[in-house]
Amino acid sequence: MRKRIFEIMQISKKDDAPSMAFDIVLVLVIFTNIAVMFLQTFSSLSAYNDVFEVIELVTVGFFCVEYILRILTADYLYPKKSRGRAMIRFLFSFDGIVDLLTIIPAFFLSGFVAFRLLRVVRIFHLFRINSQYDSFNVIKTVLYNKRNQIFSSVFIILILMLASSIGIYSAEHEAQPDVFENAFSGIWWSVSAMLTVGYGDIYPITVVGQIMAICIAFLGVGVVAIPTGIISAGFVEQYQKDQHSDIKHTDIDKVGEILVGGDSEFAGLTVGEIKKEYDMNIYVIIRDELTVLATDSVKLKQGDILIINSDKLVKRKKRR
């Protein structure tokens with residue numbers, strides 16, 4: 001029963017009607033919950049607050065049931081771990097934390113403004129919908145593979161922001177003591193300048209400050225482009241891997257090696273003759289620790305190792 005429940009709650013298959021129905025219901029509940037959260041902010045709809053609260057309780061109740069079931073079936077999600085360890089792993093996973101933060105404010109912490117903000121976490125349930133598609137998995141893969149480069153570029157941006165905030169404070173504090181009161185006051189300006197937003201509510205008026213702003217603006221254009229380029233290159237690499245993945249998995253079981261011995265039927269023949277007579281695709285020839293390109297005119301010698309792809313050879317090995 002637990003295994004079947006896990007299968008229903010996982011990514012649906014076309015031939016599994018209950019699993020597809022669960023996914024549809026989950027999508028509807030998530031959107032309904034978020035829609036109610038938005039509608040409750042309109043004062044003109046205050047007359048319907050009781051209805052909104054009932055809908056919110058019903059949808060959050062659905063999240064509670066789903067959360068409990070996912071905990072109980074966590075050992076199927078992490079089969080290499082024991083049941084207890086799998087439960088703990090799920091509780092501290094992204095989905096587990098989002099589910100918990102979604103449930104808590106509705107029942108225990110609705111009176112506190114800080115905890116009411118946790119209702120925003122419900123929007124992250126939409127990631128669960130999108131995670132069922134390969135395109136979203138590609139994004140996650142690229143960000144994970146390039147995480148070190150992204151963190152390094154973000155770290156550089158933070159250092160430059162800190163340096164520019166201190167620099168603009170030094171240049172503008174005497175001229176605008178109310179605007180640039182301390183170094184922290186320059187962070188908002190440095191963010192808008194480094195990220196090329198240019199909000200305009202805080203700006204330098206001294207010559208030194210304006211020169212510094214010009215340099216920082218030009219520097220920001222280049223620095224912000226670094227993580228963008230890293231992510232773009234990651235998408236290109238991942239796309240190329242996906243394009244060739246099917247070919248690799250199809251051919252790998254048909255690649256083998258043949259040693260050309262003294263009594264071998266291949267000795268003395270050319271690559272072209274072997275292709276015609278035995279229907280073999282010879283990729284390369286390893287000869288005396290050298291790799292020889294398998295052109296049709298190359299004649300095989302005793303001791304050669306052939307890296308080949310042959311359907312007939314695979315069938316012959318299976319019969320043996």
Checklist outcome for this item: CD1 (Ile8) and NZ (Lys3) are apart, to the nearest 0.5 Å, by 13.0 Å
Item to check | Heavy-atom side-chain contact between Leu72 and Ile68 under 4.5 Å | outcome: yes
Next on the checklist: Using side-chain heavy atoms (C-beta onward) and a distance below 4.5 Å, is Val60 in contact with Asn33?
Outcome noted: yes
Checklist entry - Any side-chain heavy atom of Thr59 within less than 4.5 Å of one from Val36? => result no
Next on the checklist: Would Glu53 and Tyr48 count as a side-chain contact (heavy atoms from CB on, under 4.5 Å) here? Give the steps.
Outcome noted: CA-CA 9 Å; Glu53 290 179 1; Tyr48 301 96; over 6 Å; no
Checklist entry - Atom CZ of Phe180 and atom OG of Ser170: how far apart are they, to the nearest 0.5 Å? => result 11.0 Å
Checklist entry - Are there more than 12 heavy atoms of other residues, nucleotides or ligands under 6.0 Å from atom CD of Glu181? => result no
Checklist entry - Would you find a donor on one side and an acceptor on the other, under 3.5 Å apart, between the side chain of Asp23 and the backbone of Met20? => result no
Checklist entry - Can you get from Leu26 to Val65 by hopping between Ile, Leu, Val, Met, Phe, Trp and Tyr side chains that sit under 4.5 Å apart? => result yes
Next on the checklist: Please determine whether a side-chain nitrogen of the Lys or Arg among Glu237 and Lys146 lies less than 4.0 Å from a carboxylate oxygen of the Asp or Glu.
Outcome noted: yes
Next on the checklist: Between the side chains of Arg85 and Asp75, is the shortest nitrogen-to-carboxylate-oxygen separation below 4.0 Å, so that they form an ion pair?
Outcome noted: no
Next on the checklist: Working note: Val191 + Met161, criterion side-chain contact (heavy atoms from CB on, under 4.5 Å); need CA distance, chi angles, decisive distance, verdict.
Outcome noted: CA-CA 7 Å; Val191 169; Met161 282 184 181; 3.9 Å; yes
Checklist entry - Does the ring of Tyr144 carry Arg147 above it, NZ/CZ under 6.0 angstrom from centre and within 45° of its axis? => result yes
Checklist entry - Is Ile216 reachable from Ile156 through a run of I, L, V, M, F, W or Y residues, each pair having side-chain heavy atoms under 4.5 Å apart? => result yes
Checklist entry - Can Gln40 and Glu56 be said to form a side-chain contact (heavy atoms from CB on, under 4.5 Å), step by step? => result CA-CA 10 Å; Gln40 286 178 328; Glu56 183 178 9; 3.4 Å; yes
Item to check | Minimal non-hydrogen separation, Ile168 against Gly186, with atom names | outcome: CG2-CA, 4.1 Å
Checklist entry - Between atom NZ of Lys299 and atom CD of Glu273, what is the distance when rounded to the nearest 0.5 Å? => result 8.0 Å
Checklist entry - Does some side-chain heavy atom of Trp189 sit less than 4.5 Å from a side-chain heavy atom of Pro204? => result yes
Checklist entry - Is any side-chain heavy atom of Met87 closer than 4.5 Å to a side-chain heavy atom of Tyr78? => result no
Checklist entry - So, for Val208 and Ala171, which heavy atoms are closest and what is the spacing to 0.1 Å? => result CG1-CB, 4.1 Å
Next on the checklist: How long is the straight-line distance from CG of Asn145 back to CG of Leu143, given to the nearest 0.5 Å?
Outcome noted: 9.0 Å
Checklist entry - Does Ile211 belong to the same Ile/Leu/Val/Met/Phe/Trp/Tyr cluster as Leu160, with side-chain heavy atoms less than 4.5 Å apart forming each link? => result no
Checklist entry - When rounded to the nearest 0.5 angstrom, what distance separates CD1 in Ile230 from OG in Ser232? => result 10.0 Å
Checklist outcome for this item: Taken to the nearest 0.5 Å, the spacing of Thr270 OG1 from Leu300 CG works out to 7.5 Å
Item to check | Flag side-chain contact, heavy atom, 4.5 Å: Ile285 against Ile305 | outcome: no
Item to check | Donor-acceptor side-chain pairing of Glu172 and Thr206 below 3.5 angstrom | outcome: yes
Checklist entry - According to the interplanar angle, ranging from 0 to 90°, do the rings of Phe90 and Tyr67 count as parallel (below 30°), tilted (30 to 60°) or perpendicular (above 60°)? => result tilted
Checklist entry - Heavy atoms, side chains only, cut-off 4.5 Å: are Phe52 and Leu45 in contact? => result yes
Next on the checklist: Let me check something: do Phe62 and Met9 share a hydrophobic cluster, defined by ILVMFWY side-chain heavy atoms less than 4.5 Å apart, either directly or through other members?
Outcome noted: yes
Next on the checklist: Same cluster or not: Ile231 versus Leu158, using hydrophobic residues (I, L, V, M, F, W, Y) connected whenever any side-chain heavy atoms lie under 4.5 Å apart?
Outcome noted: yes
Checklist entry - Of all heavy-atom pairs between Gln210 and Ile205, which one has the smallest distance, and what is that distance? => result NE2-O, 3.7 Å
Checklist outcome for this item: Heavy-atom nearest pair, Ser164 first then Ser190, reads OG-CB, 3.0 Å
Item to check | Verdict with supporting geometry, Leu91 and Leu100, side-chain contact (heavy atoms from CB on, under 4.5 Å) | outcome: CA-CA 8 Å; Leu91 291 175; Leu100 181 61; over 6 Å; no
Checklist entry - Under 4.5 Å between any side-chain heavy atoms of Val179 and Tyr203, yes or no? => result no
